[in-house]
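Below is one structure, written out as structure tokens, with a few remarks after it.
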Amino acid sequence: GLEQEEDRPEDLKARPPVITVMGHVDHGKTSLLDAIRNTNVTSREAGGITQHIGASEVEVHGNKIVFLDTPGHEAFTSMRARGASITDIAILVVAADDGVMPQTKEAINHAKAANVPIIVAMNKIDKPGINSDRVKQELSDHGILIEEWGGETILVPVSAKTGEGIETLLEMILLAAEMLELKANPKRYATGTVIEAKLDKGRGPVATILIQNGTLKVGDSVVAGSSYGRIRAMINDKGKQIKKAGPSTPVEILGLSDAPEAGDLFHAVKEDKIARQIVEKRKAKDREENLNATAKVTLEDLFKHIQEGSVKELNIIVKADVQGSVEAVKQSLVKLSNEEVKVKVIHGGVGTITESDIKLASASNAIIIGFNVRPSTAVENLAERENIDLRTYRIIYEAIADVEAAMKGMLDPVYKEVVLGKTEIRATFKVPGIGTIGGAYVLDGKITRNAKIRLIRDGIVIHEGEISSLKRFKDDAKEVAAGYECGVGIANYNDLKEGDIVEAFIIEEVKRV
Ligand code: GDP
């Protein structure tokens with residue numbers, strides 16, 4: 001089985017810290033990661049073009065630090081939702097010229113909920129007119145009291161642009177990591193977490209895993225979620241093939257039976273047979289749970305159909321650059337389901353939006369949401385021809401806000417009456433072939449040609465209907481405003497009298513908020 005036997009204290013060795021960079025959009029998470037990687041002389045010495053494997057290693061004074069590449073809290077939350085905890089320290093990027101913003105607060109909350117210490121990187125200090133006290137105050141207002149102000153949180157002023165402060169930030173990370181006394185046992189079978197995974201055309205299932213304990217070697221039998229296999233090759237963050245990898249090492253592995261999901265736990269086991277057995281058991285359990293889940297949904301659906309006549313469904317296809325984002329977007333979207341509209345993610349996957357996505361959307365009346373991916377022009381054109389609603393986003397909550405809006409659009413519209421104005425009939429004329437026309441004066445508001453009307457005599461509504469003609473002098477008028485005279489004819493009504501009030505109104509769709 002996979003029950004963990006305790007590591008003996010003498011086997012525990014220090015391991016590098018694993019860092020997640022979080023913060024508000026545009027505060028410089030990506031730039032900071034890039035700047036950090038550029039200070040990493042070893043990667044340049046190695047001459048390798050840094051390959052994107054979802055995490056990267058940086059060496060500072062001979063000490064390693066591992067950075068998870070997926071910036072932002074989405075991946076972090078999605079992983080945590082799946083029970084994985086892989087971050088030792090969170091770097092909270094706050095742009096000095098912008099201060100604490102909504103996603104900064106979210107990041108603070110997520111890090112606190114996960115009990116992960118925060119180091120603040122106050123970024124963009126190269127900009128003129130920075131008021132860092134304001135940033136510090138805002139942080140303190142949100143429960144982050146920095147050392148300088150008597151608190152415990154380290155704040156490092158940095159510029160991802162000029163590189164200022166980056167060295168200090170890295171040193172502070174090492175210092176904080178030292179306090180955490182992070183240890184692991186390199187002697188045992190490897191365990192870890194899947195950071196991202198994809199199905200590569202040429203190489204088959206490819207997964208990036210973070211080894212959290214033990215050492216993984218080429219040839220090891222492994223289990224990752226509901227996939228298994230034997231490690232055929234391991235590639236590090238510099239794109240180099242390696243034979244073994246110890247604790248806190250991010251590696252890309254080849255040899256799995258299929259692509260696991262981000263957040264899946266990873267284990268090396270003694271032999272293939274065990275790996276296969278574990279996965280078979282897991283799959284059987286999943287099938288059972290799925291069967292139950294399907295039965296439940298159907299019953300609920302049935303119940304709802306009977307109760308309210310029908311439930312509307314919003315089908316969505318989610319495509320994103322990494323599995324972590326697919327999961328995060330999926331989870332957030334499904335949560336939007338309410339009594340009236342059910343949100344169903346009918347397909348989610350890593351990679352760009354393809355022709356087959358458009359076809360699926362067309363067949364199942366779905367909208368497509370792309371997250372950090374863009375379709376080719378050919379695919380875009382196909383979407384247009386097929387009338388597919390295809391939207392791309394960079395920020396998760398923008399996607400969610402849009403889907404919420406789309407859901408409201410699906411609901412039966414609610415209407416309300418809007419009174420336009422009152423017009424008084426001051427004289428009546430019989431016009432041969434047309435009927436009775438009222439010589440009228442608009443008391444307040446206005447009367448329009450396409451309005452509905454209500455005829456009021458002595459305070460009682462005696463007729464409701466439509467206007468058949470509206471004229472100013474001899475000319476047809478679209479609308480006549482208060483203080484002007486006009487000629488009014490009411491459709492199918494020939495009994496206008498002096499003193500009658502014509503109330504004009506329209507029926508308007510209520511915007512849901
Ligand atoms: P992210 O959305 O948090 O990943 O932010 P980005 O790294 O994409 O940065 C957003 C914008 O801020 C980009 O235009 C960057 O060039 C700019 N930026 C990032 N860091 C700095 C910095 O230290 N100084 C200045 N002046 N601009 C920065």
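Source: prediction; values computed, not measured. First listed ligand is number 1; within each ligand, the first listed atom is number 1.
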Practice prompt. May I ask you to check whether G28 has an N/O atom sitting below 3.5 Å from an N/O atom of ligand 1?
Written response: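 N/O-N/O distance under 3.5 Å: yes.
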
So for ligand 1, is I125 a polar contact partner (N or O within less than 3.5 Å, distance only)?
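N/O-N/O distance below 3.5 Å does not exist for this pair.
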
Taking T215 for the side chain and G246 for the main chain, is one N or O donor matched with an acceptor at less than 3.5 Å?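 Checked: no pair found.
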
D88 side chain to V18 backbone, donor-acceptor under 3.5 Å:
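Answer holds: yes.
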
Going by atom types alone, do Q137 and D141 pair a side-chain donor with an acceptor below 3.5 Å?
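Side chains of Q137 and D141: pair found under 3.5 Å.
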
If we ignore angles and hydrogens, is there a donor and acceptor under 3.5 Å between the side chains of S221 and D272?
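Distance-only check passes for S221 and D272.
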
Residue E152 excluded, over 12 heavy atoms near CD under 6.0 Å: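 It does not: E152 CD has 12 such atoms or fewer within range.
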
How close do A262 and E196 get, heavy atom to heavy atom, and via which atoms?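 Looks like CB-CA, 4.4 Å.
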
Open item on the list: Minimum heavy-atom separation for A107 and L92, please, with both atom names.
Closed with: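 Closest heavy-atom pair between A107 and L92: CB-CD1, 3.6 Å.
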
Under-4.0 Å heavy-atom contact with ligand 1, by part of K127 that carries it: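 The part of K127 near ligand 1 is the side chain, not the backbone.
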
For [atom], the option (of [options]) bearing the nearest heavy atom:
atom                    : options               : value
atom 25 (C) of ligand 1 : L32, D34, D126        : D126
atom 18 (N) of ligand 1 : M122, K124, M22, K161 : K124
atom 19 (C) of ligand 1 : A121, S31, A160, G23  : S31

I'd like to check which ligand 1 atoms, numbered from 1 as shown, lie under 4.0 Å from a non-hydrogen atom of [X].
X    : answer
K29  : 1 (P), 2 (O), 3 (O), 4 (O), 5 (O), 7 (O)
H24  : 3 (O)
S159 : 23 (O)

